[in-house]
Amino acid sequence: MPKIRRDNLPPALLNHLLDRITEREISANQLGQFADWLVSEPEVPEGRWFKRFTEMNVCGEGAVIKTFLRPGQVPAGEEVT
């Protein structure tokens, strides 16, 4: 199982993620929880996956984070812990 890619993200993807953080009003607290989770170097499935946080969901595919969702939005893929 891959670990989340944190370096050398394509600029378009990085801009997309930053736009979603702003657009969906992701709080600094939630980003802190997300950062703590990333530090643990979690393994994720090869296909689509998502991780639930209190006020957001992080969605990815393989080693790449794809977007951030609000809790009411429905994530796709396998839930990771």
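What's counted below: heavy atoms across the whole structure, side chains too, no hydrogens, waters or symmetry copies. Numbers here are sequence positions counted from 1.
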Handout entry: CD on E43 to CD1 on I4, rounded to 0.5 Å
Key = 10.5 Å
Problem - By side chain to side chain contact (heavy atoms under 4.5 Å, CB included) - contacts of A76 (at least two apart) - result: R48
Fill in the blank from the handout: Value for CG (L69) from CD1 (I26), rounded to nearest 0.5 Å, stands at 8.5 Å
Problem - Closest approach of M1 to P45 (non-hydrogen atoms, all atoms of both residues) - result: CE-N, 4.2 Å
Could you pull out every donor-acceptor pair under 3.5 Å between side chains of residues 9-20 and any protein atom, sequence neighbours left out?
| unit_1 | atom_1 | unit_2 | atom_2 | d |
| --- | --- | --- | --- | --- |
| N15 | ND2 | P11 | O | 3.3 |
| H16 | NE2 | K66 | O | 3.1 |
| H16 | NE2 | T67 | OG1 | 3.3 |
| R20 | NH1 | E23 | OE1 | 3.4 |

Exercise for the section: Could you tell me whether a side-chain N or O of W49 sits under 3.5 Å from a main-chain N or O of C59, the two making a donor and an acceptor? Expected result: no
Completion exercise
Applied to residues 54-81, the ring-ring contact (aromatic ring centres under 6.0 Å, His included) test, sequence neighbours excluded, yields F34-F68
Completion exercise
Here the pair of heavy atoms bringing V64 nearest to R5 is CG2-NH1, 4.4 Å
Fill in the blank from the handout: Heavy-atom nearest pair, E55 first then S27, reads OE1-OG, 3.6 Å
Problem - Verify same cluster id: F50, F53 (apolar side-chain graph, 4.5 Å) - result: no
Handout entry: I21-M56 co-clustered via ILVMFWY side chain contacts under 4.5 Å
Key = yes
Practice task
Applying side chain to side chain contact (heavy atoms under 4.5 Å, CB included), name anything that partners S40, two or more places apart in sequence or on another chain.
Solution key: W37, P42
Handout entry: Partner residues of R52 under the side chain to side chain donor-acceptor pair (under 3.5 Å) criterion, sequence neighbours left out
Key = E79
Handout entry: Pairing residues for T54 by the side chain to side chain contact (heavy atoms under 4.5 Å, CB included) criterion, not counting sequence neighbours
Key = Q30, Q33
Handout entry: Test side chain to side chain contact (heavy atoms under 4.5 Å, CB included) applied to R24 and Q73, step by step
Key = CA-CA 11 Å; R24 295 182 176 148; Q73 294 178 293; 3.6 Å; yes
